[in-house]
Enquirer: 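Okay, handing you the structure first.
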Amino acid sequence: MSLLIKNATIVTADEIFIGDLLAVAGVIKEIGAGLSSPDAEVIDATGKYLFPGFIDPHVHIYLPFMGTVSKDDYASGSKAALMGGTTTLIEMCCPARNADPVEAIRLWKGNATGISSCDYTFHMGVTRFDETTAESLDAIVRDEGITSLKVFLAYKGALGIDDRELYETLSFAAERGLIVTAHCENAELVAEMQKKLVSEGKTGPEWHEPSRPVTVEAEGCHHLMTFAEMTGAEVYVVHTSCIPAVEAITAARARGVKAHIETVASYLTLDSSYAELPNFEGAKYVMSPPIRSKEHGDFLWEKLADGTIDTVGTDHAPFDFKTQKRMGHPENALDASMNATGKPGDFTLIPNGIPSVEERVKLLYTDGVCEGKIDLQTLVRTASTNPAKIFGLYPRKGALEVGSDADLVIWDPEFRGEISVTTHSMATDYSAFEGKAIKGRADFVTVRGQVLVRSGEWAGSGGEGEFLVRVP
Ligand code: DUC
Ligand code: ZN
Ligand code: ZN
């Protein structure tokens, strides 16, 4: 099946021009002016942007975490992604510390196979490094087509690893040309701050941010940078939220460390006041690292625009408000054993995460492009092209080039709407962006030429996505 998109304003990471694009058998066949193809479905994109499919480099679809499991599956998660213009998902495979890594990646892949409508791959979580780990990871790279790893410097006693394990993971990756993504917060400091605040009776969601202040994140980043410098590993800091964290990474870059920086849409468009909302509503905004005060968000926009920050993901981690987030409510604590003090009901029990895979591009467009904080090319560069380049998917993904996959987003800049839980496709019972006015939407979205969103409506049937094999 062929698709001919006419008169679009074609936007890539490097240029903007008006033209036509012909996709045949799932790949881009021709880009130019006055194209015709008798067999093709023709879409008139006059007055609309044509973007390469957006890539979310950081999502959780299946996440057993903090005593519960995230809410989406690949049916809802990939549909939500596509409705928002995201055509490729890179999910974190996060096995329990005692789990077998090969079994884990097969479990995570199995969740997506035949169900995901997006194309997808995984960062392999290293939650333990012992004498068997190198062999398992080699098998995962060779047999499962994975080339990026994920480590947590936070979540002590759960997903987190210690310094010896960090050293071994980075050395292993450096030897094999793999990239290591990392959640950077000092786990000991978080644990101590949590204990202190809860013992002082500071138990509401608004105390989550003070328990993991910017210094704690900056220390985590500096820590990772030191280990990357010592081992020569290429690293990627996920969900960078604040000024000192970016500064710790740029200082390391100046010393020659190969480090990439990701931020997420929630840090750019929300601020710490949301976690202070009454009636436990603040729990909706609890994620880690926490959402910071506005000055940090402003700084992140600047660093996105000037190219310091490489990518924007979401850290989509969907938990229901009425049940899961309420695990940290005094009246509804489900598992007192996880509490830092042994008492039920405090912010340390609120599952960390914000559902956002559907909203990333809308938020970047509305609050970034329309407000003059970033230009269209920066949108494409940070939300599509750079993730593809960094994670070995370019130019199959992240590009509008002859031979690239026909992952296409026709964006209507005139559309005006509002974000709401009543219309979103994510499985959660709330939206962190409820009532937000939105400019623009993904009108048509294709994955390898298959039209999965048509005139802003879902047109997929599920399972159209493919696993993306990568090689180091
Ligand atoms: N941070 C979150 O907020 N949720 C999932 C995991 C993480 O690192
Ligand atoms: Zn994280
Ligand atoms: Zn994450």
Enquirer: Between S272 and E209, is any side-chain donor less than 3.5 angstrom from a side-chain acceptor?
Expert: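 No donor-acceptor contact under 3.5 Å links the two side chains.
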Enquirer: Testing the basics here: between A432 and I354, what is the closest heavy-atom pair and its distance to 0.1 Å?
Expert: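 Heavy-atom minimum between the residues: CB-CG2, 3.7 Å.
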Enquirer: Is the closest side-chain heavy-atom distance between I291 and Y267 below 4.5 Å?
Expert: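 They are in contact (side-chain heavy atoms under 4.5 Å apart), so the answer is yes.
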Enquirer: Would you please test H316 and E358 for side-chain hydrogen bond (donor to acceptor under 3.5 Å, both in side chains) and show each step?
Expert: CA-CA 9 Å; H316 175 72; E358 190 164 356; over 6 Å; no
Enquirer: Can you list the steps and then say if E206 with F347 is a side chain to side chain contact (heavy atoms under 4.5 Å, CB included)?
Expert: CA-CA 8 Å; E206 71 276 21; F347 67 84; over 6 Å; no
Enquirer: Would S288 and N352 count as having a side-chain donor-acceptor pair, cut-off 3.5 Å?
Expert: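 The answer is yes; a qualifying pair exists.
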Enquirer: Hey, are E262 and H260 close enough side-chain-wise for a donor-acceptor pair under 3.5 Å?
Expert: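 Per modelled atom types, H260 and E262 side chains form no pair under 3.5 Å.
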Enquirer: Between D320 and K322, is there a side-chain N and carboxylate O pair less than 4.0 Å apart?
Expert: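 Looking at K322 together with D320, the answer is no, because their closest N to O distance does not fall below 4.0 Å.
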Enquirer: Please determine if K389 forms a cation-pi arrangement with Y394, meaning its NZ or CZ atom is less than 6.0 Å from the six-membered ring centre and no more than 45° off the ring axis.
Expert: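 Yes, K389 lies over the aromatic ring of Y394.
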Enquirer: Hey, is D310 close enough to R253 for a salt bridge, meaning N to O under 4.0 Å?
Expert: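 The answer is yes: the pair qualifies as a salt bridge.
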Enquirer: Identify whether the distance between the nearest side-chain nitrogen and carboxylate oxygen of K294 and D298 falls below 4.0 Å.
Expert: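 So K294 pairs with D298 through a salt bridge.
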Enquirer: Is the count of non-hydrogen atoms from other residues, nucleotides or ligands lying under 6.0 Å from F299 atom CZ greater than 12?
Expert: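 Count over threshold, so yes.
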Enquirer: Looking at every non-hydrogen atom in both residues, tell me the closest pair between R97 and T127 and how far apart they are.
Expert: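 In this case the closest contact between R97 and T127 is NH1-O, 3.0 Å.
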Enquirer: Is a salt bridge present between K202 and E200, judged by a nitrogen-to-oxygen distance below 4.0 Å?
Expert: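 Judged by the 4.0 Å cut-off on N to carboxylate O distance, K202 and E200 do form a salt bridge.
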Enquirer: Is the distance between the ring centroids of H208 and Y285 under 6.0 Å?
Expert: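 No, ring centres 6.0 Å or more apart.
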Enquirer: For a quick test of reading the model, state the closest non-hydrogen atom pair linking P52 to V409 and the distance between them.
Expert: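 Smallest heavy-atom distance, with atoms named: O-CG2, 4.4 Å.
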Enquirer: Less than 4.0 Å between a side-chain N and a carboxylate O, is that true for R106 and E103?
Expert: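 The answer is no: the pair does not qualify as a salt bridge.
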Enquirer: Is the NE2 atom of H222 crowded by more than 12 outside heavy atoms at less than 6.0 Å?
Expert: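 No, not enclosed.
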Enquirer: Examine the side chains of Y120 and E91 and answer whether a donor and an acceptor come within less than 3.5 Å of each other.
Expert: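 No - no donor-acceptor pair under 3.5 Å links their side chains.
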Enquirer: Are F433 and H424 an aromatic pair, judged by ring center distance below 6.0 Å?
Expert: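 They do not qualify: ring centres at least 6.0 Å apart.
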Enquirer: Tell me if the NZ atom of K156 is crowded by more than 12 foreign heavy atoms within 6.0 Å.
Expert: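 No - once you tally the heavy atoms of other residues, nucleotides and ligands closer than 6.0 Å, there are 12 at most.
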Enquirer: Between T314 and D56, does a side-chain hydrogen bond (donor to acceptor under 3.5 Å, both in side chains) hold up when you go through it step by step?
Expert: CA-CA 7 Å; T314 53; D56 194 331; 2.6 Å; yes
Enquirer: So which heavy atom on C221 is nearest to which on A248, and how close?
Expert: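 Scanning both residues completely, I find the closest heavy atoms to be CB-CB, 4.0 Å.
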Enquirer: For a quick check under 3.5 Å, do S148 and R470 share a side-chain donor-acceptor pair by atom type?
Expert: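 A pair is found: one side chain offers a donor N or O, the other an acceptor, under 3.5 Å apart.
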Enquirer: Going by atom types only, do E168 and T133 share a side-chain donor-acceptor pair under 3.5 Å?
Expert: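 There is no such pair (donor and acceptor under 3.5 Å, judged by atom type) between the side chains of E168 and T133.
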Enquirer: So among T88, D405, D407, which one has a side chain to side chain donor-acceptor pair (under 3.5 Å) with R396?
Expert: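 When T88, D405, D407 are each tested with R396, the side chain to side chain donor-acceptor pair (under 3.5 Å) holds only for D405.
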Enquirer: Just checking, is any N or O donor in the side chain of D14 or T12 under 3.5 Å from an acceptor N or O on the other one?
Expert: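 No pair is found: no donor N or O on one side chain lies under 3.5 Å from an acceptor on the other.
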Enquirer: Please report the closest heavy-atom contact between R360 and A383, naming both atoms and the distance.
Expert: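 The answer is NH1-O, 3.4 Å.
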